[in-house]
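Everything on this sheet refers to the single structure shown next.
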Amino acid sequence: MHLKEKLISAFDQSLDQLSFQQRRKESMERLKQDGFPTIRNEEWKYTNLQPLLKKEFELQASISSITLEEINEYILKDTDTYLMVFLNGVFQPNLSSISCQKAHISTIKNANEEQQKIIEKYWGSCLPKKGDAFVSANNGLAQEGAFVYLPKSVVLDKPLQIVYATKNDNALFTQTRSLVVVEENAQVQITERHQNFSDSEVFTNAVTEIVVKQNAIVDFYKIQNDNFKCSIVDNTWVNQANNCNCTVDTFSFGGKMVRNNLTFSMLGEHSESNMRGITLIGKDQLVDHHTLVDHLVPNCLSNELYKGIYDHNAKGVFNGKVMVHPDAQKTNAFQSNNNLLLTDDASIDTKPQLEIYADDVACSHGCTIGQLDDEALFYLRARGIPKKEAQAMLMYAFANDVLNNIKIEELKKKLNLIIAEKIGVELAIEL
Amino acid sequence: MLKIKGLKAGVEDNNILKGIDLQVNKGEIHAIMGPNGSGKSTLSSVIAGKEEYEVEGGSIEFDGTSIMDLSPEERAHLGIFLSFQYPVEIPGVSVSNFIKTSINETRKAKGLEPMPAGELLKLMREKMELLDIKKGFLSRSLNQGFSGGEKKRNEIFQLATLAPKLAILDETDSGLDIDALKIVANGINKLRTPENATIVITHYQRLLDYIVPDFVHVLYNGRIVKSGTKELAFELEAKGYDWIIKEVEEQCI
Ligand SMILES: Nc1ncnc2c1ncn2[C@@H]1O[C@H](COP(=O)(O)OP(=O)(O)O)[C@@H](O)[C@H]1O
Ligand SMILES: [Mg+2]
């Protein structure tokens with residue numbers, strides 16, 4: 001059965017057990033009508049989903065256990081953190097550590113009564129009324145997922161790691177849903193990872209909503225290094241009030257098809273949004289970044305820096321849209337997308353899209369596509385650094401300014417190691 | 001140490017080196033002079049193994065074995081060092097990390113463990129002092145935004161930390177003011193041992209006041225057209241290159 005039909009029939013069977021019934025129904029209606037996008041849809045021009053959508057996926061996994069040993073490799077261990085582990089969408093309390101005095105960390109399902117009110121208020125609040133098929137499907141059927149609530153002025157004492165693990169005997173379609181609400185003057189750092197622990201194929205549709213209130217600071221790090229049978233459509237929606245700062249960094253190394261939809265809505269003045277990314281992919285991989293910054297009010301700053309390195313026949317897509325509405329005077333919006341193509345078969349389709357309807361703004365965008373510099377390579381090799389390591393050094397150097405911005409030291413180290421492994425060199429350089 | 005015979009090299013249909021013979025023994029300093037475009041940098045790049053140049057004939061031996069089939073890194077591991085005329089800017093790689101990687105990759109190629117961090121730091125400090133290099137230098141991005149002089153000093157700093165057998169200094173004096181030139185030349189002299197050798201490539205006799213060569217060669221149009229001792233350099237300084245060029249052209253006719 002086509003994924004769309006499968007989801008609709010699953011919804012009809014489970015509706016009774018679901019929260020937010022009305023909202024879910026509306027969303028599923030939309031999915032019914034619109035269906036999943038094809039490459040005729042401008043937003044999906046370079047990413048063909050049809051082979052995936054036709055595949056037989058199970059919606060319910062048959063495996064329900066995972067051990068800490070399995071998880072260990074995929075998490076930060078030397079840093080004291082909170083940890084939430086989900087398996088096939090189901091929270092694993094025995095592997096997690098979420099007990100926290102000042103903030104609230106739980107699943108959306110298990111939140112207490114008081115928290116349910118907050119969830120009721122914010123669940124779906126960052127999403128557009130008419131979302132696309134993935135948002136609709138997630139709205140319709142996603143159930144458990146991380147809920148993080150930072151009350152006023154609470155600075156979370158350590159980062160939170162969220163691991164959405166999957167493990168199944170057959171191909172699995174899974175949907176995760178995270179909601180992060182950060183009240184006035186509060187701060188939080190979160191890392192998130194989707195990871196498959198079996199040999200079967202996984203297709204994930206993730207939705208994360210991040211609500212950032214006045215003076216709050218949020219750093220959200222996505223580590224995408226899943227195995228080559230996994231595909232993901234990762235939808236992240238951020239609403240920012242005034243004077244706040246939100247960063248979403250996306251590190252894409254693994255997976256077969258990775259589509260990131262990242263949307264920032266600047267709703268309050270004097271706020272800052274940062275989105276950065278490193279993409280380093282190779283054989284048969286596709287990473288598609290679609291970002292949108294919606295400047296609705298004056299005096300905000302958005303900063304976007306995506307770096308991509310493509311080897312073999314890897315395909316990259318970058319589409320960075322910045323909307324500056326008529327009221328959004330004094331907007332500063334900067335975007336840059338730099339790419340290295342290591343082979344003739346690798347490709348990148350990059351498209352900055354600035355739509356500016358205010359006159360007193362400073363906006364810039366730039367994209368570059370290049371190769372590793374032969375002169376620089378020779379220079380390094382003439383100093384005894386072997387070709388492969390020299391190439392690696394240049395790639396690190398290329399990605400360096402993105403890595404440098406990471407606030408969690410161990411994460412920086414871990415990403416360095418992933419990059420070294422991916423390039424096939426031993427050195428993990430402190431640049 | 002270095003034995004070059006009948007070396008011909010170029011790019012596509014441009015012959016740049018048209019038969020070079022040069023022998024450098026340990027303990028010696030050779031100067032190669034010659035007008036712009038003679039092929040001096042090409043010769044040094046070919047010795048260092050730059051793949052862009054096609055070698056069409058001749059041989060290069062280092063310590064008795066041919067290095068013609070070796071990669072640039074393998075040549076570096078044998079102890080060949082090229083101080084670049086135009087050092088490349090590499091944003092994002094710090095000077096210290098570059099040197100550390102360079103030293104440790106060379107050690108690795110020789111089957112040695114990486115140099116302990118403390119030792120490495122001590123080595124760098126010592127050489128920084130020798131070349132009068134300021135403290136913040138190590139953490140700067142390699143050559144990025146360096147003045148011409150800083151770039152050249154950085155090359156000699158690398159030379160000092162790597163202590164190669166053969167150093168080829170391609171126009172190290174250009175971009176250096178007289179004080180810097182003295183410091184750099186003094187550094188190079190201090191690094192001399194009876195076991196290593198140096199090839200100094202320069203336009204001007206100026207540097208040779210400080211680094212006194214045993215032999216001077218004039219490279220013109222891809223050939224060494226004249227060799228002599230340091231007096232040849234004085235002669236060139238006084239009379240320019242034209243008389244040699246004339247001599248060569250007359251011989252050709
Ligand atoms: N990579 C190259 N491609 C084409 N021509 C080159 C290249 N390298 C050097 N040449 C040419 O070879 C000649 C010698 O250059 P070079 O070795 O740099 O001379 P020098 O260092 O003596 O000034 C010049 O005419 C130069 O243009
Ligand atoms: Mg030159």
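In this text, all values refer to a predicted model and were calculated from it rather than measured experimentally. Chain letters run A, B, ... following the sequence lines, proteins first, then strands; residues in each count from 1. Side chains are part of it too, since the values below use all heavy atoms of this structure and drop only hydrogens, waters and symmetry mates.
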Decide yes or no on side-chain contact (heavy atoms from CB on, under 4.5 Å) for A:Leu380 and B:Phe98, but give the supporting numbers first. CA-CA 8 Å; A:Leu380 298 175; B:Phe98 174 57; 3.2 Å; yes
Does A:Lys77 have more than 12 heavy atoms from other residues, nucleotides or ligands lying within 6.0 Å of its NZ? yes
So A:Tyr379 and B:Phe84, would you call those rings parallel, tilted or perpendicular, with 30° and 60° as cut-offs? perpendicular
Given side chains that start at C-beta, do those of B:Glu105 and A:Pro386 come closer than 4.5 Å, heavy atoms only? yes
What part of B:Thr161 gets closer than 4.5 Å to chain A, counting heavy atoms only: side chain, backbone, both or neither? neither
Measuring heavy-atom distances to chain A, does B:Ala109 have an atom under 4.5 Å in its side chain, in its backbone, in both, or in neither? neither
Work out which heavy atom in A:Asn400 is nearest to a heavy atom in B:Gly92; give both atom names and the distance. ND2-O, 3.5 Å
Partners passing side-chain contact (heavy atoms from CB on, under 4.5 Å) against A:Cys367 (at least two apart in sequence or in another chain): A:Asn337, A:Thr350
Within residues 115-132 of chain B, which positions have a heavy-atom distance to chain A below 4.5 Å? none
Would you say that more than 12 heavy atoms from the other residues, nucleotides or ligands in this model lie under 6.0 Å from the NZ of B:Lys18, or not? yes
Go through the steps to decide whether A:Arg381 and B:Glu51 satisfy the test salt bridge (Lys or Arg N to Asp or Glu O under 4.0 Å), and finish with yes or no. CA-CA 11 Å; A:Arg381 295 178 71 190; B:Glu51 286 154 351; 3.2 Å; yes
More than 12 foreign heavy atoms under 6.0 Å from NZ of A:Lys158: is that the case here? yes
Taking CZ in A:Phe334 as the centre, count heavy atoms belonging to other residues, nucleotides or ligands within less than 6.0 Å. Is the count above 12? yes
B:Leu142 versus chain A, heavy atoms under 4.5 Å apart: side chain, backbone, both or neither? side chain
Contact residues of residues 54-69 of chain B (partner chain A; heavy-atom separation under 4.5 angstrom): none
Before giving the answer on side-chain contact (heavy atoms from CB on, under 4.5 Å), spell out for B:Thr106 and A:Ile385 the whole-Å C-alpha distance, their side-chain angles and the decisive distance to 0.1 Å. CA-CA 7 Å; B:Thr106 302; A:Ile385 302 169; over 6 Å; no
Is atom NZ of B:Lys3 surrounded by more than 12 heavy atoms (other residues, nucleotides or ligands) closer than 6.0 Å? no
Does atom CG of B:Asn14 have more than 12 heavy-atom neighbours, drawn from other residues, nucleotides or ligands, at distances under 6.0 Å? yes
Applying a strict 4.5 Å limit to non-hydrogen atoms, the region of B:Gln158 in contact with chain A is side chain
Any pair counted as side chain to side chain donor-acceptor pair (under 3.5 Å), so long as it reaches residues 368-378 of chain A, sequence neighbours left out: A:Asn338-A:Thr368, A:Glu375-B:Lys50
Tell me whether A:Glu421 at atom CD has more than 12 heavy atoms from other residues, nucleotides or ligands lying less than 6.0 Å away. no
Nearest heavy-atom pair of A:Phe378 and B:Gly49: which atoms, and what distance? CE1-C, 3.9 Å
Give the minimum heavy-atom separation between A:Gly384 and B:Ala76, together with the two atoms involved. N-CB, 3.4 Å
List the atom of A:Ala376, the atom of B:Ile90, and the distance in Å for their closest heavy-atom pair. CB-CD1, 3.9 Å
List the steps and the verdict of side-chain contact (heavy atoms from CB on, under 4.5 Å) for A:Glu389 and B:Thr101. CA-CA 9 Å; A:Glu389 280 71 17; B:Thr101 312; 5.7 Å; no
Backbone N or O of B:Leu82 within a donor-acceptor pair of the A:Arg383 side chain at under 3.5 Å? yes
Between A:Leu394 and chain B, which part of the residue has a heavy atom less than 4.5 Å away: side chain, backbone, both or neither? side chain
Give the minimum heavy-atom separation between B:Pro91 and A:Ala397, together with the two atoms involved. O-CB, 3.3 Å
Interface moiety of B:Asn104 toward chain A, non-hydrogen atoms closer than 4.5 Å: neither
Is it the case that over 12 heavy atoms from other parts of the model lie below 6.0 angstrom from the NZ atom of A:Lys422? yes
